[in-house]
Visitor: 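Sharing a structure, written as structure tokens. Questions coming.
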Amino acid sequence: MKTTLLRTSFSALLVFAFSCSSHAQSNSPDAHLSGSVLDASGAGIAGVQVTAHPDDTRNLQKWTATSAADGKYALTLPPGPYHVQFVRPSFVARDFALDFAAGQSRKLDLRLDLEPLSSSVVVTAQAEPALAQETSASVTVITREEIDQRRAMSLPDLLLYSPGIAIGRTGAEGGQTSIFVAGGNSSYTKVLVDGTPVNEPGNAVDFSNFTLDNIDKVEVVRGAESALYGTDSVSGVIQLFTHRGTTRTPAVSIYGEGGSFSTGRGGAQISGLRDAFDYSAAASYFQTDGQGPNDRFLNRTLSTNLGWSFSDSNQLRLSLRNTDSDAGIPGQTLLLPPNLDEHNALHFFNANARWNFTTGTRWHHEISGAESYDRVFSDNHLADFFDPGDPFCSPLSPKAVPSFTCDFPFRDTQKYNRAGLRAQSSYLLPKLGVTAGYQYEVENAFLSFLALGHVRRNNQGGFLDFRWLPLPRVALNFGARAEANDNFGTRVVPRLGTSLAVRYGQGLWGDTRVRAFYGQGIKEPRFDQTFGTDPCDPGNPSLRPERSRTWNVGLDQKIASDHLRISAEYFHNRFYDIVSFGIIQPPPGSACSAIGTFFNTDIARAQGTNLSIEAQPLRWLAISGNYTLDDTRVLKSPSSTDPALIAGSRLIRRPLHSGSLILNATFRRLNVNLAGYFTGARTDSDFLSFRTGGVCFGPCQSRNPGYARFDLASSYDLGRGVSVYTRVANLFDKQYQDAIGYPALGRDVRVGMNYRFSGKN
């Protein structure tokens with residue numbers, strides 16, 4: 001009895017003590033967190049979601065607040081340890097581990113930088129990243145989500161469906177691939193990978209092995225941007241951005257696929273964030289036998305992006321990318337017998353090291369070093385077809401067949417290297433940003449067909465760029481660059497533009513924005529055009545830079561609560577001092593019957609419209625499409641012998657009419673993407689013929705008919721990170737050619753499986 005009474009009393013005492021403790025804890029004063037969230041210019045950011053999660057994973061409760069127009073926020077929460085996050089679209093998310101004592105008031109002011117990989121942030125069109133609506137240039141942004149939906153492997157297949165883009169591809173996988181932006185030549189587009197220029201000096205990029213591994217975003221800027229990027233930015237800029245790790249538990253992706261033409265492809269990617277260090281790395285392998293003799297292609301890609309944050313305002317970043325490929329080159333098999341032994345090996349490497357830091361609240365600095373290496377080895381050691389009347393067509397293959405021309409054997413090695421340093425400083429205010437910068441670049445080449453062997457030139461330039469918001473609805477961008485080149489001396493190129501919000505609205509008739517842009521571009525000559533050593537085909541060291549003057553005006557309209565977005569623009573580009581090859585009479589006593597060299601003679605223009613729509617009529621259906629009218633003309637070309645290049649002709653491989661339509665449907669775990677590309681007839685050349693006295697010698701094909709091509713991609717999520725997918729390129733097996741004589745790839749069906757773990761924070 002006494003024992004029972006003692007036990008009862010002791011239990012009551014414990015209950016009483018626990019109740020008192022709980023009551024005291026429940027009455028503990030709450031903690032308070034407050035502060036301001038500012039952007040890089042010091043202006044407050046509205047709409048930042050502040051979320052506090054208890055460190056105790058069993059407690060699913062969370063406390064939230066939203067920053068006001070001036071960036072201020074306040075959060076009240078019980079004492080204890082928390083994981084606090086600051087999130088707003090278009091900005092880099094920030095998170096902190098904070099421990100609050102009872103009654104503690106803590107102030108936390110912080111800065112959010114724009115997220116370069118966001119679809120609503122444009123990096124390439126100005127010196128400092130800016131929100132898309134403040135950009136005056138004509139820009140298309142392609143996200144990782146679109147790449148995944150399309151199951152796109154190569155950059156040309158992705159860009160084919162963008163407005164203002166034309167593709168010239170000499171064959172199927174591995175064929176030399178050129179991209180034309182806004183009607184300009186393929187060498188008029190500067191291509192950057194994480195800020196590193198990858199063009200051959202004064203020349204175009206061969207996109208035949210340009211894969212999308214580890215790429216999160218692609219920006220296409222239409223219009224001359226030499227004021228920012230110097231030489232080569234004559235009609236546009238394309239920049240690719242690699243992935244950055246964001247999760248503390250690593251994210252992993254592994255895939256493998258196979259299909260038509262004995263095709264196999266596999267790869268993996270890993271990324272993560274550990275304290276101040278973020279990382280991302282990817283590797284891929286692709287091989288196919290192709291659709292005909294000597295049509296094989298092998299491609300391997302490695303990519304990595306590493307970052308280290310000393311503090312919120314002091315970061316280092318290193319990105320590296322390496323691609324090796326080897327392609328059989330069967331040639332113009334629609335006009336000639338196949339070449340059975342020619343092949344082309346490419347090796348691309350690019351690196352970029354960047355240091356971003358601030359001094360004070362207004363000054364932002366960036367110092368970067370970049371290098372790209374491009375090696376091209378082409379070999380054709382036997383003639384697989386021959387002209388019976390040509391005694392110089394040798395050595396012949398045992399399987400050689402007669403033709404109207406000769407398959408001339410050759411072996412050629414080209415090595416290009418460009419390395420540079422770029423430094424810029426920006427002074428940023430809420431309504432004004434001023435950037436001043438300097439860039440120095442060294443270009444080297446080792447060309448087997450030049451007797452000089454090694455050639456070199458240096459470029460340097462200083463630039464100024466201004467961003468001014470004089471009124472809440474108006475954004476102005478203007479600047480200029482002075483470029484000093486070892487070949488052509490010093491040139492000054494300006495740029496200016498404006499973006500105006502005509503109307504802010506909701507419902508049926510939404511926001512209306514207009515923009516206008518003007519820019520000038522320059523391009524240095526190729527090395528062979530300047531340093532050619534053949535006495536009968538010498539280079540011309542006096543060549544001027546090729547130039548452009550480009551302008552465009554555009555309208556962006558949102559309709560039906562942003563469910564429909566329409567963009568329309570008109571562009572006009574004029575190209576001057578285009579380098580062409582001409583024939584002159586040799587001086588007396590010369591061993592040459594005629595001398596061919598390079599001159600600044602040609603003038604051309606491109607003008608037209610780009611129309612784009614994005615619509616989401618149903619929750620599960622997204623529709624996007626575009627149409628381009630690209631009216632190009634050769635205005636002056638006194639040295640031309642090719643029928644496709646004479647004055648009055650349209651610029652080659654740039655169709656007058658082109659467009660695309662993409663339907664993307666998502667049903668629970670299933671995603672289906674149907675993309676159609678349409679192009680009208682294009683002026684082109686077989687490059688096998690010439691004219692003398694109005695008489696054509698050779699096939700003389702100068703018109704390439706239009707076509708329509710459809711691609712179908714689908715994926716199904718099996719759960720636990722596993723998905724299966726399929727892609728059918730050229731769904732209806734359309735027979736067409738992007739370049740005369742080179743048949744495009746027929747229907748290509750691939751099926752694959754992917755495992756993806758998205759990582760955790």
Side-chain angles (χ1 to χ4, degrees), residues 116-117 121-130 132 135-142 155-156 158-159 162-167 178-205 207 210 215 217-242 350 352 368 370 372 418 420 422 424 435 437 439 441 459 461 463 465 477-481 483 493-497 515 517-524 545-552 554 569 571 573 575 606 610:
L117 299 180
V121 174
V122 174
V123 178
T124 313
Q126 54 279 307
E128 288 282 344
T135 302
S136 58
S138 174
V139 183
T140 294
V141 176
I142 305 173
L155 182 62
L158 183 71
L159 293 180
S162 299
I165 298 287
I167 304 291
S178 302
I179 291 179
F180 307 89
V181 176
N185 291 339
S186 58
S187 59
Y188 286 2
T189 300
K190 191 146 197 170
V191 182
L192 309 169
V193 179
D194 290 325
T196 299
V198 296
N199 298 64
E200 294 178 1
N203 203 4
V205 173
F207 292 91
F210 225 119
I215 299 298
K217 179 183 177 183
V218 180
E219 289 184 357
V220 180
V221 180
R222 294 175 289 273
E225 289 286 0
S226 287
L228 288 177
Y229 298 105
T231 182
D232 306 332
S233 314
V234 179
S235 66
V237 180
I238 297 174
Q239 181 160 203
L240 291 81
F241 301 85
T242 53
N350 61 266
N352 187 284
S368 63
S372 64
R418 56 194 309 169
R422 180 184 174 107
Q424 68 178 47
T435 300
Q439 185 173 8
E441 187 175 51
N459 304 319
F463 60 92
D465 192 60
N477 302 105
F478 50 95
R481 181 188 186 98
E483 180 88 351
V493 284
R495 69 187 292 270
L496 58 96
R515 51 180 170 74
F517 175 83
Y518 171 82
Q520 294 184 11
I522 53 175
K523 185 189 81 68
E524 62 188 357
E546 300 185 40
R547 301 179 294 118
S548 71
R549 294 177 181 173
T550 72
W551 60 270
N552 60 68
E569 71 177 10
F571 64 91
N573 303 332
F575 309 114
N610 290 316

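Hydrogens, waters and symmetry mates are skipped; everything else that's a heavy atom, side chains included, is used. Heads up: numbering here begins at 1 and tracks the sequence.
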Visitor: Could you check whether any side-chain heavy atom of T550 comes within less than 4.5 Å of a side-chain heavy atom of Y518, counting everything from C-beta outward?
Guide: no

Visitor: Does some side-chain heavy atom of K523 sit less than 4.5 Å from a side-chain heavy atom of Y188?
Guide: yes

Visitor: If you compare all heavy atoms of G195 against all heavy atoms of N352, which two are closest, and at what distance to 0.1 Å?
Guide: C-ND2, 3.8 Å

Visitor: How close do F571 and A182 get, heavy atom to heavy atom, and via which atoms?
Guide: CE1-O, 4.1 Å

Visitor: Please check this pair: side chain of R481 against backbone of L228, looking for a donor-acceptor N/O pair closer than 3.5 Å.
Guide: yes

Visitor: Quick one, Y229 and L192 - any side-chain contact, counting heavy atoms below 4.5 Å?
Guide: yes

Visitor: Output yes when a side-chain donor or acceptor of S226 lies under 3.5 Å from a complementary backbone atom of S233, and no otherwise.
Guide: yes

Visitor: Locate the shortest heavy-atom distance separating I522 from R547; write the atom from each residue and the value.
Guide: CG2-CG, 4.3 Å

Visitor: Between R418 and E441, is there a side-chain N and carboxylate O pair less than 4.0 Å apart?
Guide: yes

Visitor: Using modelled atom types only, decide if a donor and an acceptor are shared between the side chain of N552 and the backbone of E569 within a distance under 3.5 Å.
Guide: no

Visitor: Considering all heavy atoms of both residues, which atom of P494 and which atom of A227 are nearest to each other, and what is their separation?
Guide: C-CB, 4.0 Å

Visitor: Using atom types as modelled and distance alone, determine if a side-chain donor or acceptor of S372 lies under 3.5 Å from a backbone N or O of P197.
Guide: yes

Visitor: Quick one: closest heavy-atom pair of A224 and S548, and the distance?
Guide: CB-OG, 3.7 Å

Visitor: Between P545 and E483, is there a side-chain heavy-atom distance shorter than 4.5 Å?
Guide: no

Visitor: State, to 0.1 Å, how close T124 and F241 come at their nearest heavy-atom pair, and which atoms those are.
Guide: OG1-CZ, 3.9 Å

Visitor: Would you say the side chain of P163 lies within less than 4.5 Å of the side chain of T140, judging by non-hydrogen atoms?
Guide: yes

Visitor: Does a side-chain heavy-atom distance below 4.5 Å link V181 with I165?
Guide: yes

Visitor: Side chains of V193 and F210, heavy atoms from C-beta outward: is any pair under 4.5 Å?
Guide: yes

Visitor: Between the side chain of N199 and the main-chain N/O of V191, is any donor-acceptor distance below 3.5 Å?
Guide: yes

Visitor: Do E128 and T435 get their side chains close enough for a donor-acceptor pair, meaning under 3.5 Å?
Guide: no

Visitor: Quick check: do N477 and L496 have side-chain heavy atoms less than 4.5 Å from each other?
Guide: no

Visitor: Short question: side chain of E524, backbone of T231 - any donor-acceptor pair under 3.5 Å?
Guide: no

Visitor: Taking E219 for its side chain and V123 for its backbone only, find out whether a donor-acceptor pair lies under 3.5 Å.
Guide: yes

